[in-house]
**Q** 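Shown below is the structure under consideration.
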Amino acid sequence: MTASTGIEIRTIDDDDVPAWTRAMHTGFLRPPVVSKEEVEIRRAGMDLDRTQGAFDGGRCVAAFRSFAQRLTVPGGASVAADAVSNVSVSPTHRRRGLLGRMMTNDLRLAKERGDAAATLIAAEWLIYGRYGFGPASWTTEWEVDVARAGLDRRYAGPADGGRVDFVDPGTARELGPALHERLRATRPGFVDRDERWWRRATGDLRPAGRPWTEPFYVVYRAPDGAVDGLLAYTAQDTWEAKRPHGTASVLDLIAVSTEAERALWHFLLSVDWITTVRSGFRAPDDLLPLLLPDPRAAKVTTHADLLWLRPLDVPALLEARTYAHPGTLVVEVADPDGYAGGRFLLEAGPDGARCAATTRPADLALGVGDVGALYLGDESVVRLAALGRVAEERPGAAARAELMLRTARRPWCPDVF
């Protein structure tokens with residue numbers, strides 16, 4: 001590793017925001033041009049006490065930011081998480097330990113604040129495991145050939161007495177937050193969305209000159225009038241030989257009932273001139289493929305890890321969630337960085353859990369990143385044991401943990417942050 005002598009890492013101030021933004025642009029291969037308006041919009045959403053920069057001779061060469069987040073866990077409770085974002089090191093300063101220093105600073109402060117975990121969306125798989133993160137949820141994207149799907153093209157609306165309506169961006173911004181909170185309380189892996197998120201998603205907050213295509217916004221209203229679903233999509237109007245070949249791309253589809261989810265998908269798949277629907281990032285066990293008479297009409301175009309989780313307080317995390325089957329486990333957690341290691345006794349079931357340090361012999365031994373991968377219920381303890389990443393110290397412990405930890409529906413984080 002090349003020495004980083006002379007490079008200062010520190011939290012930034014208001015005067016640093018333009019240079020910090022330029023460094024972030026550089027790392028993400030965006031044009032290194034920063035407008036005054038972008039700086040103002042970005043600064044309004046930054047906590048400078050949680051924003052770091054690396055400076056070499058006065059030039060910002062690395063960027064790192066975190067913010068407060070609520071993460072929904074199995075059972076519907078949420079925990080305080082340290083959400084890591086905008087991580088970037090300029091190509092001229094790679095392999096000098098700058099990310100490691102910034103990550104260490106951030107995780108130390110998160111631990112001191114009492115955050116139960118840190119989260120991030122990993123651009124590359126190989127980077128974050130060394131800091132104790134593990135892939136906690138996955139995402140899948142489908143492309144649907146509408147003509148092959150087999151749906152009735154005479155569809156004229158939901159058969160359950162509900163209705164589907166277009167709304168304007170302001171109405172979507174008004175209705176969306178409460179709807180999202182209703183859904184977040186039921187789905188492990190969801191994270192909170194603040195007012196700023198909704199303003200950006202509906203075009204109310206964006207720098208001038210940044211490309212923007214106004215989406216279509218559609219709501220599903222249940223028979224009692226309640227708004228139980230919201231869809232945002234864009235459409236590309238393409239014709240060949242006097243025949244339509246339109247593509248609809250989903251930006252967001254949230255629904256608190258299966259009736260709402262089915263109605264919104266069926267609506268989009270029946271829009272005239274649309275021959276291809278791109279689903280956007282969905283849960284791997286989304287209803288979409290099996291909603292179609294011919295599920296093969298939905299081709300997987302992306303299947304990848306999304307939300308990564310780094311435990312900072314193992315007892316707090318394990319006590320926050322519920323468990324499908326009752327059981328008792330002693331887990332030995334190795335954490336080279338010292339934030340979350342130890343041996344813990346977990347006594348858990350469908351109604352909750354207790355977890356505390358113990359001296360009892362361990363049933364399972366694993367690294368802190370694998371705790372992160374298992375925590376939301378998506379990964380298999382038995383599979384990790386077969387890979388040698390979980391050591392089964394007591395026969396049958398992996399199968400017992402599997403029954404306890406797995407969830408009926410897979411965790412899903414629909415947001416990239």
Side-chain angles (χ1 to χ4, degrees), residues 71 73-75 77 79-82 103-104 107-108 110-112 114-119 128-138 188-189 305 307-408 410-411:
L71 170 68
V73 305
V79 298
D82 175 56
M103 184 68 78
T104 297
L107 293 179
R108 174 179 52 80
K111 178 70 174 179
E112 291 174 1
D115 291 340
T119 59
Y128 294 102
R130 57 188 163 178
Y131 304 115
F133 288 83
S137 77
W138 291 63
D305 56 287
L307 181 73
W308 287 55
L309 189 148
R310 203 277 187 220
L312 294 171
D313 187 333
V314 170
L317 281 177
L318 295 181
E319 287 186 345
R321 60 160 290 177
T322 59
Y323 298 80
H325 295 272
T328 300
L329 283 171
V330 177
V331 293
E332 181 88 35
V333 179
D335 185 353
D337 295 323
Y339 301 117
R343 187 180 301 169
F344 307 100
L345 169 62
L346 172 66
E347 300 172 292
D351 296 326
R354 291 181 298 174
C355 186
T358 185
T359 58
R360 288 173 50 173
D363 297 319
L364 298 172
L366 68 168
V368 68
D370 290 318
V371 175
L374 292 165
Y375 176 66
L376 293 178
D378 199 42
E379 188 51 84
S380 163
V381 183
V382 172
R383 181 162 75 162
L384 293 189
L387 291 168
R389 290 166 51 182
V390 172
E392 189 176 49
E393 307 291 354
R394 188 183 300 273
R400 180 157 34 99
E402 181 95 358
L403 289 173
M404 293 171 65
L405 289 167
R406 294 296 280 264
T407 54
R410 296 182 68 172

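Positions are given from 1, in the same order as the sequence printed here. All heavy atoms count here, side chains included; hydrogens, waters and symmetry mates do not.
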**Q** Please check this pair: side chain of Arg343 against backbone of Arg360, looking for a donor-acceptor N/O pair closer than 3.5 Å.
**A** yes
**Q** Are any of the side-chain heavy atoms of Tyr131 and Arg310 separated by less than 4.5 Å?
**A** no
**Q** Look up atom CG in Leu405 and atom CG in Asp378, then write down how far apart they are to the nearest 0.5 Å.
**A**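 With rounding to 0.5 Å, CG (Leu405) is 11.5 Å from CG (Asp378).
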**Q** Which distance, rounded to the nearest 0.5 Å, do you find between the CG of Leu376 and the OG1 of Thr407?
**A**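 Result: 8.0 Å between the selected atoms.
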**Q** Please report the closest heavy-atom contact between Thr322 and Asp351, naming both atoms and the distance.
**A** CG2-C, 4.4 Å
**Q** Any pair with a residue in residues 307-342 that passes ring-ring contact (aromatic ring centres under 6.0 Å, His included), sequence neighbours left out, goes on the list, sorted by first then second residue, please.
**A** Trp125-Trp308
**Q** Surrounding CZ of Arg354 (heavy atoms of other residues, nucleotides or ligands, distance under 6.0 Å), is the total greater than 12?
**A**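 Not more than 12 within 6.0 Å, no.
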**Q** Any idea which heavy atoms bring Ala136 and Leu309 closest together, and the distance?
**A** CB-CB, 3.9 Å
**Q** Apply salt bridge (Lys or Arg N to Asp or Glu O under 4.0 Å) to Glu392 and list each qualifying residue two or more places apart in sequence or on a separate chain.
**A** none
**Q** Heavy atoms, side chains only, cut-off 4.5 Å: are Cys355 and Leu346 in contact?
**A**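 Cys355 reaches Leu346 side chain to side chain.
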**Q** Got a salt bridge between Lys111 and Asp337, using NZ or NE/NH1/NH2 to carboxylate O under 4.0 Å?
**A** no
**Q** Mind listing the closest non-hydrogen atom pair of Ser137 and Pro411 along with its distance?
**A** CB-O, 3.8 Å
**Q** Does some side-chain heavy atom of Leu318 sit less than 4.5 Å from a side-chain heavy atom of Tyr375?
**A**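 The answer is yes, as the side chains (C-beta and beyond) meet within the 4.5 Å cut-off.
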**Q** List the residues meeting salt bridge (Lys or Arg N to Asp or Glu O under 4.0 Å) with Arg400, not counting sequence neighbours, and say none if there are none.
**A**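 Per chain and number, Arg400 pairs via salt bridge (Lys or Arg N to Asp or Glu O under 4.0 Å) with no residue.
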**Q** Does Arg108 have more than 12 heavy atoms from other residues, nucleotides or ligands lying within 6.0 Å of its CZ?
**A** yes
**Q** Quick one: list whatever passes side-chain contact (heavy atoms from CB on, under 4.5 Å) with Ala110, sequence neighbours left out.
**A**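 Ala110 satisfies side-chain contact (heavy atoms from CB on, under 4.5 Å) with Asp82, Arg113, Asp115, Leu312 once adjacent residues are dropped.
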**Q** Taking all non-hydrogen atoms of both residues into account, name the closest pair between Phe344 and Gly341 and its distance.
**A** CZ-O, 3.6 Å
**Q** Could you work out, with side-chain contact (heavy atoms from CB on, under 4.5 Å) as the rule, every residue matching Glu402, not counting sequence neighbours?
**A**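 Expected list: Ser380, Val381, Val382, Arg406.
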**Q** By salt bridge (Lys or Arg N to Asp or Glu O under 4.0 Å), which residues pair with Arg321, not counting sequence neighbours?
**A**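 Partners of Arg321 by the salt bridge (Lys or Arg N to Asp or Glu O under 4.0 Å) criterion come out as none, since no residue qualifies.
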**Q** Might you point out which heavy atoms bring Gly132 and Val368 nearest each other, and give the distance in Å?
**A** CA-CG1, 3.8 Å
**Q** Within a strict 4.5 Å, meaning less than it, do heavy atoms of the Leu307 and Leu71 side chains meet?
**A**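 Counting from C-beta outward, Leu307 and Leu71 do come under 4.5 Å.
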**Q** Measure the CD-CG distance between Glu379 and Asp305 for me, rounded to the nearest 0.5 Å.
**A**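 Here the rounded value is 11.5 Å.
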**Q** Where is the tightest heavy-atom contact between Ala340 and Pro311, given as atom of each residue plus distance?
**A**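 Closest approach of Ala340 to Pro311, heavy atoms only: CB-O, 3.6 Å.
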**Q** Please tell me if the side chains of Leu366 and Leu374 come closer than 4.5 Å, counting only heavy atoms from C-beta onward.
**A**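 Yes; the side chains approach each other to less than 4.5 Å.
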